[in-house]
Chemist: 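One structure is given below, represented as structure tokens, and several questions about it will come after.
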Amino acid sequence: MDGIWLDFERPLLELEKKIEELKATSHNGIGPELDRLTREAEKLKKKIFSNLNRWQRVQLARHPQRPYSMDIIERIAEDFIELHGDRYFRGDPAIIAGIGIIGPHRIAIVAQQKGRTTKERIYRNFGQPHPEGYRKALRIMKLGAKFGLPVLSLVDTPGAYPGVGAEERGQAEAIARNLKEMAVLPVPIVIVVLGEGGSGGALAIAVGDRIYMLEYAIYSVISPEGCASILWRDSSKAPEAAEALKLTAEDLLHFGVIDDIIKEPEGGAHRDWDATAARIKTKVIEAFDELKRLPIDELIQKRVEKFRQMTPKSD
Amino acid sequence: MFFRRGKKPKEKPEAKIIIPDGLWLKCESCGEILYKKELERNLWTCAKCNFHFRIPARRYIALLLDEGKLDEFPLALKTRNVLGFPRYSEKLKEAQQKSKLEEGVIAGRARLGGETVVFVATDFGFMGGSMGSVVGEMVAHSIRHARKEEIPLVILTASGGGARMQEGIFSLMQMAKTSAELALLAQASIPYITVLTHPTMAGVMASFASLGDIIIAEPGALLGFTGPRVIEQTIGQKLPPGFQRSEFLLEHGLIDMVVHRRDLRSTLIRILKILMIKK
């Protein structure tokens with residue numbers, strides 16, 4: 001397997017490489033050895049992935065080979081028509097938006113999009129939206145509401161872009177506006193955090209009726225690096241900060257902030273995009289099935305109530 | 001790195017909290033030496049350069065509301081260190097002692113030019129006026145109160161810290177919580193005015209502070225999403241003077257007006273008189 005891998009994945013990769021090499025020789029009598037190595041690899045995979053600390057999960061959430069929003073959309077939507085522009089300033093490639101079909105549901109989709117190659121990364125601004133990106137997302141969500149299309153929102157961003165133009169055009173206003181409008185949007189909204197849920201920049205498309213996270217996704221008020229540099233004036237202490245912030249899917253489920261975790265294939269979503277997408281699809285269709293049965297008033301009331309309850313429970 | 005311990009982080013002059021206690025004070029902006037009595041008469045604004053000193057929430061109550069009185073809502077929750085975040089419990093205690101506040105927000109009912117209003121103020125002196133669960137809950141409660149009682153809402157912000165890091169994801173969710181309540185308030189056509197003071201940033205600016213029907217700012221306040229230092233690091237350039245200040249936001253169409261502290265009260269009264277629909 002080519003590409004960049006994380007340190008804690010390496011022992012597993014080396015073993016897998018050995019297996020591949022052995023297979024390539026295809027001598028007679030390698031069967032038992034192959035079986036042994038395969039079993040060993042499975043065991044090692046289990047061992048590594050059942051003991052991940054929070055920082056390792058942060059790294060998985062940012063894995064360069066992790067499926068990004070478009071990879072998921074391509075796999076879960078029978079049709080997807082991308083739509084562009086906020087109608088005021090510019091099209092923002094850090095957010096993709098459009099209409100499509102997923103299973104029995106016609107839906108609107110908004111998502112943050114990272115790039116895989118250097119060129120793409122720059123084009124997508126590393127998945128960091130400008131205000132016009134959030135305004136585009138809102139436009140498409142409202143388009144959805146107008147035609148009774150529920151909204152699927154895929155979250156994967158380090159955060160809203162911290163730049164001069166973003167401030168000049170009202171980054172804060174764009175985010176606040178989305179929070180307010182999404183709270184009462186008269187169609188079901190389902191959120192899936194795919195990778196990084198970076199603070200307000202993530203939340204700006206993450207107010208909805210169901211909030212799911214992939215198993216190794218993270219969602220946090222501040223990046224571990226940012227937190228570490230405020231706390232200890234040293235961003236290299238990000239691993240400690242990740243522990244303090246409690247930002248994993250498990251943490252957030254425990255806090256009652258998210259509704260469920262979507263399990264990733266063994267070894268992480270980057271090892272099997274198809275299987276990851278299939279699980280997301282099942283979960284999302286189920287959620288829309290349920291939510292579409294609710295009268296709109298009740299749907300909105302429950303959504304507002306959901307966020308009212310986002311307060312630490314006394315234990 | 002042990003040797004770095006004793007080194008105090010560099011602070012910009014305007015980031016300091018001013019508690020006037022001597023007879024004379026130096027203006028943080030122009031350096032003019034100001035007589036404290038005179039400064040007080042000028043509502044803690046510099047007579048020479050118009051710099052607005054930061055003042056605590058209680059002073060705004062005295063300054064803006066009829067008879068300087070606020071019938072306060074009690075805090076519904078007690079702040080806890082739910083995440084077991086390093087040093088948060090100590091920081092809270094420190095903030096409480098220093099600010100003489102239980103939390104970074106004061107809210108309640110008051111009269112403003114004879115009109116009953118719900119008034120909320122965040123206080124920079126309490127952990128930078130940052131929003132954790134207790135602040136978020138109080139803001140949400142105040143919005144609900146305004147909606148149910150059909151009285152206008154005025155929120156004054158001094159929140160440089162945005163969402164309070166030490167409460168993790170719960171702080172972030174307060175942005176959604178307060179904005180959701182504001183959506184319902186808007187549907188009920190209840191006027192909502194925000195007064196932004198120095199500084200109002202990040203999670204607070206990206207939620208209830210930016211959602212006023214009318215947004216007023218004090219002169220020279222730092223207002224925005226990302227702090228200027230982080231932007232400078234990102235773009236690798238110095239930012240121009242005046243960037244993210246009230247006047248800059250006015251120029252870019254992000255706020256309605258910049259109003260001197262001495263005119264805040266009368267401006268609020270004039271606006272409410274026009275917006276308030278008598279039932």
Side-chain angles (χ1 to χ4, degrees), chain A residues 131 159-164 166-184 197 199-204 206-207 219-222 226-227 230-234 240 244-247 251-252 255 257-258 300 303-315, chain B residues 1 4 9 77 80 82-87 133 136-137 140 162-184 186-187 201-203 205-211 223-227 230-231 233-235 237 239-240 243-244 248-249 252-254:
Chain A
Y161 186 62
V164 174
E167 294 292 322
E168 285 175 341
R169 298 192 290 281
Q171 188 73 285
E173 192 275 344
I175 294 170
R177 176 81 37 208
N178 281 18
L179 303 182
K180 182 181 166 189
E181 301 268 357
M182 288 181 85
V184 293
S199 194
L203 184 66
V207 176
Y219 195 177
S220 180
V221 66
I222 188 171
C227 175
I230 293 173
L231 263 192
W232 298 293
R233 309 219 158 242
D234 181 0
E240 285 96 316
L245 285 166
K246 310 242 184 325
L247 41 57
D251 291 326
L252 269 64
F255 290 145
V257 167
I258 62 166
I300 293 172
R303 190 185 304 154
V304 172
E305 196 53 40
K306 178 184 184 65
F307 284 88
R308 270 187 197 136
Q309 297 304 323
M310 298 248 181
T311 301
K313 311 284 172 285
S314 38
D315 37 26
Chain B
M1 280 186 276
R4 284 174 70 179
L77 300 165
R80 295 181 303 134
V82 199
L83 266 52
F85 202 91
R87 299 205 304 265
S133 289
E137 192 57 37
R164 191 178 296 167
M165 179 178 79
Q166 289 86 346
E167 288 180 33
I169 196 73
F170 286 112
S171 296
L172 189 71
M173 291 303 145
Q174 303 313 308
M175 296 168 61
K177 180 196 277 181
T178 53
S179 303
E181 294 288 0
L182 285 170
L184 300 184
Q187 286 178 345
M201 301 294 292
M205 190 64 181
S207 60
F208 62 88
S210 285
L211 293 172
L223 311 168
F225 183 64
T226 311
V230 175
I231 298 177
Q233 279 165 17
T234 308
I235 61 171
Q237 276 172 34
L239 292 166
F243 183 73
Q244 290 181 318
F248 172 94
L249 271 78
H252 285 89
L254 297 170

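Quick note on labels: first sequence line is chain A, next is B, and so on, each numbered from 1.
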Chemist: To the nearest 0.5 angstrom, please state how far the NZ atom of A:Lys180 sits from the OG1 atom of B:Thr178.
Modeler: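 So the NZ of A:Lys180 and the OG1 of B:Thr178 are separated by 11.5 Å.
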
Chemist: Is A:Leu231 in contact with chain B via its backbone, its side chain, both, or neither, using a 4.5 Å heavy-atom distance?
Modeler: both

Chemist: Where do B:Gly224 and A:Glu167 come nearest, in terms of heavy atoms and distance?
Modeler: CA-OE1, 3.4 Å

Chemist: Would a 4.5 Å heavy-atom cut-off, applied to side chains only, mark B:Phe85 and A:Lys246 as touching?
Modeler: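 No, every pair of side-chain atoms sits at 4.5 Å or beyond.
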
Chemist: Could you check which of A:Arg308, A:Glu240, A:Arg177, A:Arg303 has the highest count of heavy-atom pairs closer than 4.5 Å to chain B?
Modeler: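 Looking at each of A:Arg308, A:Glu240, A:Arg177, A:Arg303 in turn, A:Arg308 comes out on top.
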
Chemist: Given the options B:Ala209, B:Gly84, B:Ala140, B:Ser210, which has more heavy-atom pairs under 4.5 Å with chain A than any of the others?
Modeler: B:Ser210

Chemist: Need one label for B:Phe208: side chain, backbone, both or neither, based on atoms under 4.5 Å from any heavy atom in chain A.
Modeler: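 For B:Phe208, neither part sits under 4.5 Å from chain A.
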
Chemist: Can you name the closest pair of heavy atoms from A:Ser220 and B:Leu172 and give their distance?
Modeler: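 Shortest heavy-atom separation between A:Ser220 and B:Leu172 comes out as O-CD2, 4.1 Å.
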
Chemist: A:Leu203 vs B:Met175, test: side chain to side chain contact (heavy atoms under 4.5 Å, CB included). Steps then yes/no.
Modeler: CA-CA 9 Å; A:Leu203 184 66; B:Met175 296 168 61; 3.8 Å; yes

Chemist: Just verifying a value: how many Å separate A:Gln171 CD and B:Ile231 CD1, rounded to the nearest 0.5 Å?
Modeler: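 With rounding to 0.5 Å, CD (A:Gln171) is 9.5 Å from CD1 (B:Ile231).
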
Chemist: Test B:Phe170 against every option in A:Thr311, A:Val221, A:Val257 by the side-chain contact (heavy atoms from CB on, under 4.5 Å) rule and name the one that passes.
Modeler: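 It is A:Val257; the other options fail the test.
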
Chemist: If you take all heavy atoms of A:Leu179 and B:Ser207, which pair is closest and at what distance?
Modeler: CD1-CB, 4.3 Å

Chemist: So, taking the atom named OG in B:Ser133 and the one named CE in A:Met310, what distance separates them when rounded to the nearest 0.5 Å?
Modeler: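 Rounded to the nearest 0.5 Å, the OG-CE separation comes out at 11.0 Å.
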
Chemist: Check B:Ala206 against A:Ile175 and note the closest heavy-atom contact, atom names and distance.
Modeler: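 Closest approach of B:Ala206 to A:Ile175: O-CG2, 3.8 Å.
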
Chemist: Any heavy-atom pair between the side chains of B:Thr226 and A:Tyr161 that's under 4.5 Å?
Modeler: no

Chemist: Atom CZ of A:Phe307 and atom CD of B:Gln174: how far apart are they, to the nearest 0.5 Å?
Modeler: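 Output value for this atom pair is 11.0 Å.
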
Chemist: Taking all non-hydrogen atoms of both residues, which atom of A:Gly170 and which atom of B:Leu254 are closest, and how far apart?
Modeler: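 It is CA-CD2, 3.6 Å.
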
Chemist: Which one wins on heavy-atom pair count under 4.5 Å against chain A: B:Gln244, B:Gln187, B:Gln233, B:Gln237?
Modeler: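 Top count of heavy-atom pairs under 4.5 Å with chain A: B:Gln244.
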
Chemist: If I take atom CD from residue A:Glu173 and atom CG from residue B:Leu211, how far apart are they, to the nearest 0.5 angstrom?
Modeler: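 Between A:Glu173 CD and B:Leu211 CG, I get 7.5 Å after rounding to 0.5 Å.
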
Chemist: How many angstroms lie between NZ in A:Lys306 and NZ in B:Lys177, if you round to the nearest 0.5 Å?
Modeler: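 Between A:Lys306 NZ and B:Lys177 NZ, I get 13.5 Å after rounding to 0.5 Å.
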
Chemist: Between A:Gly200, A:Ala166, A:Gly159, A:Cys227, who has the most heavy-atom pairs with chain B when the cutoff is under 4.5 Å?
Modeler: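 Going by pairs under 4.5 Å, I would pick A:Cys227.
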
Chemist: Taking A:Ala174, A:Ala172, A:Ala183, A:Gly226 one by one, which has the highest count of heavy-atom pairs under 4.5 Å against chain B?
Modeler: A:Ala172

Chemist: Between B:Glu167, B:Met165, B:Glu181, which has the largest tally of heavy atom pairs under 4.5 Å with chain A?
Modeler: B:Met165

